Colleague: 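Pasting a structure below so you can have a look.
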Number of protein chains: 2
Amino acid sequence: MTTLPADSAIEGRRPTMRDVAARAGVSLKTVSRVLNGESGVYVETAERVRVAARDLRFVRNESAATLKRSGQRSRSIGLVLENVANPYWAALAKAVEDVARERGFLLTTGSSGDDPAVERQLLDELCNRRVGGLLVVPSGAELGYLADEIEHGTVVVSIDRPAAGVKVDTVLLANAAGVRDGVLHLVGAGHHRIAFVGDTVRYTGSQRLAGYREALSAAGLPFDRHLVRRAHDAEHARAAARELLALDDAPTAIFAGNNLLTRGVLEALGPQRREIAVVGFDDFPFATLMEPPVTVVGQDAAELGRSGALQLFRRLEGESGPVQEIVLATTLVARGSGELTPAGRR
Amino acid sequence: MTTLPADSAIEGRRPTMRDVAARAGVSLKTVSRVLNGESGVYVETAERVRVAARDLRFVRNESAATLKRSGQRSRSIGLVLENVANPYWAALAKAVEDVARERGFLLTTGSSGDDPAVERQLLDELCNRRVGGLLVVPSGAELGYLADEIEHGTVVVSIDRPAAGVKVDTVLLANAAGVRDGVLHLVGAGHHRIAFVGDTVRYTGSQRLAGYREALSAAGLPFDRHLVRRAHDAEHARAAARELLALDDAPTAIFAGNNLLTRGVLEALGPQRREIAVVGFDDFPFATLMEPPVTVVGQDAAELGRSGALQLFRRLEGESGPVQEIVLATTLVARGSGELTPAGRR
DNA sequence: TTGAAAGCGCTAACAT
DNA sequence: ATGTTAGCGCTTTCAA
């Protein structure tokens with residue numbers, strides 16, 4: 001007696017556990033047990049089931065499993081952030097994915113563009129799919145609509161920025177402290193006119209601005225002359241930096257609020273890169289290759305993602321207790337651009 | 001009579017369509033019709049249903065819908081690539097996500113690390129979830145195991161590299177032609193000793209190597225003296241470039257096979273960046289900021305992703321016809337590093 | 001235009 | 001150790 005080809009048994013449609021059961025000569029439940037690694041099945045029976053599954057090229061239907069599973073959460077988690085194409089967020093997404101995979105979860109990522117409507121749509125879609133948990137880099141808008149989901153058992157963790165309107169575990173960076181360190185580093189190099197180019201409308205930007213303010217105040221320096229509040233991208237930063245450099249009392253040093261803005265500032269500086277000191281928030285791969293290499297306040301995107309994902313899974317695995325706020329420290333990485341002195345300029 | 005708070009109606013569990021139906025005083029099917037935008041429902045009935053759904057904060061269970069829906073495909077697509085943390089792949093993922101969102105689909109991305117086992121696991125998990133389609137940047141290993149899925153209606157599209165073992169739509173880059181252009185550009189600048197640093201084991205690397213070979217042969221130059229075949233990352237490239245530069249007949253120009261390798265080569269060059277010409281495959285954000293700015297053979301990752309995703313949805317929407325191979329052109333972007341002449345060096 | 005009934009493929013509770 | 005039964009929440013037939 002020869003084994004029939006897999007498709008001869010069941011025309012057209014995919015094999016189900018029932019088909020596997022029939023082929024193995026056991027009941028549906030036994031197949032379920034074997035395929036889920038439950039104990040209490042004779043090894044020979046289990047083997048027969050596995051052979052049957054392989055022969056039929058059985059692929060479990062996760063939708064059915066999710067539908068039935070108590071609590072009804074799929075083995076996926078969702079991540080909503082501003083834009084995966086930004087290397088910073090991409091690194092974070094990879095870290096989240098790694099943690100998820102260790103647990104047998106898949107990751108669905110959505111880019112909100114920091115648009116509250118898109119953010120909500122993404123979050124809704126993810127909830128529709130009954131994801132086990134949601135990791136969000138909030139755009140800043142109210143997230144109150146998540147309260148219901150949370151009550152129904154969806155775990156939500158906010159990363160990089162606090163979530164408005166819901167109380168959830170949060171992983172933050174020590175933004176203010178990081179900037180303060182960076183600016184004081186410039187003060188230490190002798191600078192008195194230190195500009196800040198940032199996007200201070202958003203949470204991280206405002207926190208970073210606060211750090212800038214703290215540092216200047218600690219150093220007894222005036223505050224508002226060299227401040228750019230609304231640099232949203234590299235273009236804006238470039239234009240803003242050009243304007244700053246054209247001032248009578250042009251700054252001798254510039255602090256850039258994030259990796260995009262650092263790029264814009266460096267573009268604006270051109271050959272002046274050897275005269276004007278620069279410190280940027282966020283490290284980036286080519287920082288060491290610039291002339292001079294760029295001093296940064298480094299924040300580890302991967303660590304932020306890992307930390308958030310770990311917290312999410314801790315909750316998923318049943319950890320209770322009050323809402324947590326985890327704050328990650330930053331590191332000043334001196335490479336050259338932040339150690340230039342104001343020499344040659346008044 | 002006041003409306004009761006949503007949760008008073010149904011304790012604990014999530015509201016289902018049945019709950020919405022009860023509240024709206026209609027049948028389950030009518031709710032389904034309204035929520036799916038089917039025609040043939042009185043506007044007032046539809047409105048009542050929508051109000052009830054809103055009041056109960058009803059969220060549709062996609063698993064149940066997927067389970068029942070004929071063909072059983074979820075409104076998600078999967079993307080398996082080497083590593084989302086690489087800005088190149090991140091840009092591609094974003095482009096895919098954008099196309100998916102236009103169609104109301106979510107994107108689940110997995111990083112295989114080019115490990116065939118991980119790749120297979122990721123692909124399997126995605127199939128378990130009955131995704132509508134699969135976009136793969138194949139690691140190079142046999143993908144024959146996808147044949148069944150494809151037969152069952154899962155659409156698979158291969159991007160950046162051809163899929164081995166299955167016939168699927170494929171979107172490729174004109175790798176060889178791109179490299180040939182870049183190398184001939186260096187020849188045109190007067191170079192006779194042009195090194196190639198690549199990872200020629202993998203598909204794209206081997207194609208690029210072929211372009212290098214073509215160019216040298218067209219220019220009547222010898223081939224094997226300045227060739228590095230196994231540079232997998234920036235570190236390797238750096239070490240390899242150092243060795244090349246230490247040779248008696250050191251190259252006067254280097255072609256780097258991808259963005260990671262370009263970085264490694266630039267690191268190795270250090271101050272020699274103004275003497276040794278460099279052309280890299282892949283554009284990168286900081287290319288214009290280097291000294292000199294880096295000449296590259298640009299390939300548009302976003303276009304690659306978009307193109308693959310569009311093809312996938314075309315198939316999903318029923319387009320039949322033979323398997324397609326789409327080839328995207330590259331563009332040489334001259335910025336300075338590739339225009340350096342061999343002057344000063346023999 | 002609306003509804004009743006059947007069942008998608010699985011897991012959970014309860015037999016045996 | 002194994003099987004039987006009853007659904008999960010939805011979509012699909014088919015009938016009213």
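Note that the structure is a prediction, hence the values are computed from the model and not measured. Computed over heavy atoms, backbone and side chain alike; hydrogens, waters and symmetry mates excluded. Letters A, B, ... are given to chains in the order of the sequence lines, protein chains preceding strands, and every chain is numbered from 1.
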Colleague: Establish, for the pair B:Arg103 and B:Phe313, whether the NZ or CZ atom is under 6.0 angstrom from the six-membered ring centre and no further than 45 degrees off its axis.
Modeller: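 Satisfied, under 6.0 Å and within 45°.
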
Colleague: If you measure only the distance, is there a donor-acceptor pair under 3.5 Å linking the side chains of A:Thr108 and B:Thr108?
Modeller: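 Their side chains do contain a donor-acceptor pair, which is all the 3.5 Å distance test asks for.
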
Colleague: When you measure from the side-chain N and O atoms of A:Asn36 to the phosphate of C:dT11, is any distance below 4.0 Å, counting only OP1 and OP2?
Modeller: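 Looking at the OP1 and OP2 atoms of C:dT11, one of them is under 4.0 Å from a side-chain N or O of A:Asn36.
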
Colleague: For A:Arg18 and for A:Ala46, find the nucleotide of DNA chain D with the closest heavy atom, then tell me which residue's nucleotide is more 5'.
Modeller: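 The residue whose closest nucleotide sits nearer the 5' end is A:Ala46.
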
Colleague: Rounded to the nearest Å, what distance is computed from the NZ atom of residue A:Lys29 to the P atom of nucleotide D:dA6?
Modeller: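 Rounded to whole Å, this separation is 16 Å.
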
Colleague: Using a cut-off of 4.0 Å on non-hydrogen atoms, how would the nucleic acid contact of A:Thr45 be classed: base, sugar-phosphate, or nothing?
Modeller: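 Here A:Thr45 touches the backbone only, sparing every base.
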
Colleague: Given that A:Tyr42 and B:Glu38 both sit by DNA chain D, which one's nearest nucleotide is further toward the 5' end?
Modeller: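 It is A:Tyr42 whose nearest nucleotide is closer to the 5' end.
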
Colleague: How many Å lie between CD on A:Glu62 and P on C:dC10, as a whole number?
Modeller: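 Atom CD in A:Glu62 sits about 10 Å away from atom P in C:dC10.
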
Colleague: Rounded to the nearest Å, what distance is computed from the CZ atom of residue B:Arg73 to the C1' atom of nucleotide D:dT11?
Modeller: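 The answer, rounded to whole Å, is 16 Å.
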
Colleague: If the threshold is 4.0 Å, N to carboxylate O, is there a salt bridge linking A:Arg23 and A:Asp19?
Modeller: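 Salt bridge: no.
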
Colleague: Please state how far atom CG in B:Leu28 lies from atom C1' in C:dA6, giving the value in whole angstrom units.
Modeller: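 So the two atoms are 12 Å apart, to the nearest Å.
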
Colleague: May I ask you to say what B:Arg33 touches in the nucleic acid, namely base, sugar-phosphate or nothing, with a heavy-atom cut-off under 4.0 Å?
Modeller: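 The answer is base, as B:Arg33 lies within the cut-off (heavy atoms under 4.0 Å) of a base atom.
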
Colleague: As a test of reading the structure: which of C:dG9, D:dC10, D:dT2 is closest to the side chain of B:Leu67, going by heavy atoms?
Modeller: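 Shortest atom-to-atom distance from the side chain points to C:dG9.
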
Colleague: Rounding to an integer number of Å, can you tell me how far A:Met17 CE sits from D:dG3 C1'?
Modeller: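 Computing the A:Met17:CE to D:dG3:C1' distance gives 15 Å.
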
Colleague: Are A:Ser32 and C:dC10 close enough that a side-chain N or O sits under 4.0 Å from OP1 or OP2?
Modeller: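 No, no such contact exists.
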
Colleague: Specify the separation, in whole Å, of atom CG of A:Leu56 and atom P of C:dG9.
Modeller: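 For the pair A:Leu56 CG and C:dG9 P, the rounded distance is 14 Å.
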
Colleague: If the threshold is 4.0 Å, N to carboxylate O, is there a salt bridge linking A:Arg50 and A:Glu47?
Modeller: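 Yes, charged N to carboxylate O under 4.0 Å.
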
Colleague: Quick check: on DNA chain C, is the nucleotide nearest B:Ala64 upstream (toward 5') of the one nearest B:Ser27, or the reverse? Name the residue that is more 5'.
Modeller: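 So the residue in question is B:Ser27.
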
Colleague: Whole-Å distance between C:dG9 P and A:Phe58 CZ?
Modeller: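 So the CZ-P distance, A:Phe58 to C:dG9, works out to 10 Å.
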
Colleague: Can you find a donor-acceptor pair, distance only, under 3.5 Å between B:Arg130 side chain and C:dG9 base?
Modeller: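 Looking at the base of C:dG9, it does not pair with any donor or acceptor on the side chain of B:Arg130 (distance under 3.5 Å).
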
Colleague: Report the nucleotide, chosen from D:dC10, C:dT2, C:dT11, that has the shortest atom-to-atom distance to any side-chain atom of B:Val41.
Modeller: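 Minimum distance to the B:Val41 side chain belongs to C:dT2.
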
Colleague: Taking the minimum atom-to-atom distance to the side chain of B:Thr30, which one of D:dT2, C:dG3, C:dC10 wins?
Modeller: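 Nucleotide nearest to B:Thr30's side chain: C:dG3.
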
Colleague: Rounded off to whole Å, could you give me the CG-to-P distance for the A:Leu35 and C:dG9 pair?
Modeller: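 Interatomic distance, CG of A:Leu35 to P of C:dG9: 15 Å.
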
Colleague: Scan side-chain atoms only and decide if A:Thr154 and A:Glu149 contain a donor-acceptor pair under the 3.5 Å cut-off.
Modeller: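 Yes, side-chain donor-acceptor contact under 3.5 Å.
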
